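Have a look at the structure below before the remarks.
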Amino acid sequence: MIAKEQIPTVLDHPVYDTEGQKIGDAKSVYLDDATGRPEWVTVKTGLFGTGESFVPIKDASLVHDHLEVPYPKDRVKGAPDVDVDDQGHLDEREERRLYEYYGLSWDDAWHRANQPGEEGWAHGGTTGAAGAAGTAGMAGTTGAAGTIGDRDGAGTAGMTPTGEATGAAGMSGTAGMEGDLGTAPDAMTRSEEQMHVGTEQVETGRVRLRKYVVTEEVQQTVPVRHEEVRVVREPITEANRDEALSGPEITEAEHEVTLHEERPVVETRAVPVERVRLETDEVSEEQTVTGEVRKERIEIETDDTVVGREDERGM
């Protein structure tokens, strides 16, 4: 991390990326409103130095006569363009864009900026209960004074060209805090954890269609026909006398008749009968999630006894 005393060494010096490529020259350093620490450095990029990109300086290091940042050159040059006000201050919305672009956690920055005993308390930076993380104000050759924090924002310490604090502005509407670093604050910030619940999609099982063959017995009734022999005896009459007496009078003879019948023949054919497929339906339901969060409580006490205590709502 770059200390405030090193800001003059950083300004107008080269800035290199993780692979040793020169990105450009450092133009300005922006301080966090709450902590007073260097937060961003702007780098002149482009063929003639006409572009300017914001780069986080927290993990940067000063090596000999140049600054090295842990980001590749293309990523720095592709940083979003943000607006800075007339007093050289970067507001919360613009700083959030930079945090998101560089993959930094805004919540972590908020907690760092609001922890008692941090550097930002010594410089008078403070936030209200609903305040946001300290945004950045510029420190550099101009030495512009920081803006005064309101109830929802942190105060900014003014900086000289050498990076030294000239005094800090207290929170609007409360007792101002002196610029003396040894003076203890007469107010404290109460923080609490909030539970954020999201959802994730996980695999709970698999359903598959599988086709296999079974053999079963089927009965079906079919009509069949067959022939049976029947003996018919006819008396000799005038009508059949000639036919009956046409053969020899006494002889042996044999007459044969062929009988027929129908038998069932079984044949199978494969025919399609239905289509089967799988579909998924999305069903919504509510589940109750239980977690633990920590909350700070503040009580007022004298040397002998407790004078007052917060209620459970922290009011």
Side-chain angles (χ1 to χ4, degrees), residues 1-113 119-120 132-144 146-147 153-154 156 159 161 163 196 198 200-201:
M1 177 180 290
I2 304 302
K4 290 182 294 185
E5 293 77 10
Q6 296 174 301
I7 292 178
T9 308
V10 172
L11 297 177
D12 297 324
H13 282 74
V15 178
Y16 286 80
D17 68 0
T18 53
E19 298 179 355
Q21 299 186 65
K22 181 179 178 181
I23 304 174
D25 294 327
K27 179 180 179 182
S28 304
V29 174
Y30 285 72
L31 307 181
D32 187 278
D33 284 354
T35 64
R37 296 172 178 171
E39 186 80 4
W40 303 95
V41 60
T42 62
V43 184
K44 294 180 180 179
T45 59
L47 184 60
F48 300 103
T50 55
E52 188 173 358
S53 300
F54 277 78
V55 190
I57 201 174
K58 182 175 73 72
D59 296 323
S61 57
L62 191 62
V63 180
H64 301 299
D65 61 342
H66 67 272
L67 183 70
E68 290 186 2
V69 294
Y71 300 98
K73 179 178 181 179
D74 292 341
R75 187 169 181 82
V76 175
K77 295 181 66 175
D81 295 331
V82 295
D83 296 328
V84 179
D85 60 23
D86 296 337
Q87 296 181 347
H89 189 273
L90 184 66
D91 66 24
E92 176 188 338
R93 181 179 60 85
E94 299 288 10
E95 192 169 14
R96 275 182 179 271
R97 292 177 56 201
L98 292 172
Y99 266 82
E100 293 175 359
Y101 177 77
Y102 285 103
L104 303 176
S105 172
W106 179 261
D107 291 337
D108 291 346
W110 190 94
H111 285 294
R112 287 198 308 270
E119 186 175 353
T135 52
M138 184 175 69
T141 56
T142 59
T147 58
T156 307
M159 300 297 298
H196 299 274
E200 64 175 352
Q201 191 175 59

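The analysis underlying the following values was restricted to heavy atoms, covering all of them including side chains, and did not include hydrogens, waters or symmetry mates. Predicted model, so just to flag it, every value in this text is computed and none were measured.
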(request) Please lay out, stage by stage, how Ile7 and Leu31 fare under the test side chain to side chain contact (heavy atoms under 4.5 Å, CB included). (result) CA-CA 10 Å; Ile7 292 178; Leu31 307 181; 4.0 Å; yes
(message) Set out, in order, the CA-CA distance, both residues' side-chain angles and the distance that settles side chain to side chain contact (heavy atoms under 4.5 Å, CB included) for Glu95 and Phe54, then state yes or no.
(response) CA-CA 10 Å; Glu95 192 169 14; Phe54 277 78; over 6 Å; no
(request) Show your working on side chain to side chain contact (heavy atoms under 4.5 Å, CB included) between Leu98 and Leu90 and close with a plain yes or no. (result) CA-CA 11 Å; Leu98 292 172; Leu90 184 66; 3.9 Å; yes
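Two residues are said to be in side-chain contact when any heavy atoms from C-beta on lie closer than 4.5 Å; Tyr30 and Val84 meet this criterion. Asp25 places none of its side-chain heavy atoms less than 4.5 Å from the side chain of Asp12.
A salt bridge is absent between Glu100 and Arg96; no separation between the charged side-chain nitrogens and carboxylate oxygens falls under 4.0 Å.
When all heavy atoms of Leu11 and Ser28 are compared, the closest pair comes out as CD2-CA, 3.7 Å. Taking all atoms of both residues into account, the shortest heavy-atom contact from Tyr71 to Thr18 is N-CG2, 3.4 Å. Closest of all the heavy-atom pairs between Ala60 and Val69 is CB-CG1, 3.9 Å. Shown here for Thr45 and Glu52, the closest heavy-atom pair between the two residues is OG1-N, 4.0 Å. Smallest separation of non-hydrogen atoms from Asp17 and Lys73: OD2-N, 3.0 Å.
Here OH of Tyr16 is found 10.5 Å from CD1 of Ile23. Values are rounded to the nearest 0.5 Å. Note that CG of Leu67 is 9.5 Å distant from CD of Gln6, once rounded to the nearest 0.5 Å. Between the NE2 atom of His13 and the CG atom of Asp65 there is a distance of 6.5 Å, given to the nearest 0.5 Å.
Judged by distance alone, with hydrogens and angles left aside, the side-chain atoms of Ser53 form a donor-acceptor pair with the main-chain N or O of Val76 at under 3.5 Å. Distance alone, capped at 3.5 Å, is enough to place a donor-acceptor pair between the Tyr101 side chain and the Arg75 backbone.
Between Trp40 and Tyr102, the ring planes lie tilted relative to each other; the angle falls in the 30° to 60° range.
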